[in-house]
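Have a look at the structure below before the remarks.
Both backbone and side-chain heavy atoms feed into the values below; hydrogens, waters and symmetry mates do not.
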Amino acid sequence: MIGTHGDHHRNGDVIEELRFENIDILEHHEPQPNYWGAMAINAGDRNTVRNVVFENIRVEAIEQGQLLDIRVVHNEDYNPVPGNRIENVVFRDIHYAGKTPHPSRIHGFDNERIVDGVLFDNLRFGDERVEGNGHRALDINGYVRNIVFVKK
């Protein structure tokens, strides 16, 4: 989970230029829905998270949780204020081996605190390639801009 805590007394923090690659995620089990997400960016405390790449990630069946959780949040238990934004996130060659878990959330907070720029290049649920934001495995709210699915 990236971005939850920051310097909310000032302007938050900028968390950027992160790369996660060639990872196997095993036995994901999280009973609390606010912390679901085998791959999670939850920007709180006026934080901005940008330029993050997840590449060549293999995830076995999720017992409890979801594959992705990309949200600008105000978690009242831990964040005095919401995050600022999430931008430019790439998911490339992501393979989930189980049945469809809870839908993955991609949520901005409001019109100013958005998620902007998410690229999916070969996101697979079993043998099925996800090719659009209407897929049953994705929950995308109205505060998200510029989601791209690479078609091959």
Side chains of Asn111 and Arg113: is there a donor and an acceptor less than 3.5 Å apart?
no
Contact summary for Arg145 and Gly142, nearest pair of heavy atoms:
NH1-O, 2.8 Å
Which residues pass the side chain to side chain contact (heavy atoms under 4.5 Å, CB included) test with Asn84, not counting sequence neighbours?
Arg46, Thr48
Candidate list Ile147, Ile70, Val115, test side-chain contact (heavy atoms from CB on, under 4.5 Å), partner Ile140, passing option:
Ile147
So, the side chain of Arg10 versus the backbone of His8: is there a donor-acceptor pair under 3.5 Å, distance only?
no
Pairs meeting criterion salt bridge (Lys or Arg N to Asp or Glu O under 4.0 Å) with involvement of residues 25-45, two or more places apart:
none
What residue pairs, at least two apart or across chains, pass ring pair (Phe, Tyr, Trp, His ring centres under 6.0 Å) with a residue in residues 30-65?
Phe20-Phe54, Trp36-His102, Phe54-Phe91
Does Met39 belong to the same Ile/Leu/Val/Met/Phe/Trp/Tyr cluster as Ile62, with side-chain heavy atoms less than 4.5 Å apart forming each link?
yes
Asn146: partners by side chain to side chain donor-acceptor pair (under 3.5 Å), with sequence neighbours left out
Asp116
When clusters are formed by joining ILVMFWY residues with side-chain heavy atoms under 4.5 Å apart, either directly or through shared neighbours, do Ile2 and Ile114 land in the same one?
no
Contacts of type salt bridge (Lys or Arg N to Asp or Glu O under 4.0 Å), residue Arg105, not counting sequence neighbours:
Asp69
Other than Val150, what residues sit in its cluster of Ile, Leu, Val, Met, Phe, Trp and Tyr side chains whose heavy atoms are under 4.5 Å apart, directly or through others?
Val53, Val90, Leu119, Val148
side-chain contact (heavy atoms from CB on, under 4.5 Å) evaluation trace for Tyr143 with Val72
CA-CA 10 Å; Tyr143 305 119; Val72 179; over 6 Å; no
If we only count heavy atoms from C-beta on, is the His107 to Asp139 side-chain gap below 4.5 Å?
yes
In this structure, are over 12 heavy atoms from other groups packed under 6.0 Å from His9 atom NE2?
no
List the residues meeting salt bridge (Lys or Arg N to Asp or Glu O under 4.0 Å) with Arg19, not counting sequence neighbours, and say none if there are none.
Glu21, Glu55
Check: Glu63 main-chain N/O paired with His28 side-chain donor or acceptor under 3.5 Å
no
Joint cluster assignment, Val52 & Leu67, ILVMFWY side-chain distance < 4.5 Å
yes
Do Thr4 and Asn75 come close enough that some side-chain heavy atom pair is under 4.5 Å?
no
Residues which pass side chain to side chain contact (heavy atoms under 4.5 Å, CB included) with Arg129, listed by chain and number, not counting sequence neighbours:
Asp121, Asn122, Arg124, Glu131, Lys152
My understanding is that only one of Val89, Ile15, Asn88 makes a side-chain contact (heavy atoms from CB on, under 4.5 Å) with Asn51; could you say which?
Asn88
Just how far is it from atom OG of Ser104 to atom CD1 of Ile94, taken to the nearest 0.5 Å?
11.0 Å
Residues passing the ring-ring contact (aromatic ring centres under 6.0 Å, His included) test with Tyr78, sequence neighbours excluded, are none
Non-hydrogen atoms of Val59 and Ala38 that approach each other most closely:
CG1-CB, 4.5 Å
Distance in Å, His95 NE2 paired with Phe125 CZ, rounded so as to fall on 0.5 Å steps
10.0 Å
Apply side-chain contact (heavy atoms from CB on, under 4.5 Å) to Leu123 and His135, showing your working.
CA-CA 11 Å; Leu123 171 62; His135 193 277; over 6 Å; no
Taken to the nearest 0.5 Å, the spacing of Phe120 CZ from Arg92 CZ works out to 12.5 Å
Tell me, please, which residues at least two apart from Asp127 pass side chain to side chain contact (heavy atoms under 4.5 Å, CB included).
none
Taking salt bridge (Lys or Arg N to Asp or Glu O under 4.0 Å) as the test, write out the residues that go with Glu112, two or more places apart.
none
Test side chain to side chain contact (heavy atoms under 4.5 Å, CB included) applied to His74 - qualifying residues, sequence neighbours left out
Glu76, Asn79, Pro82, Phe109
Taking the side chain from Asn47 and the backbone from Asp13, do they hold a donor-acceptor pair closer than 3.5 Å?
yes
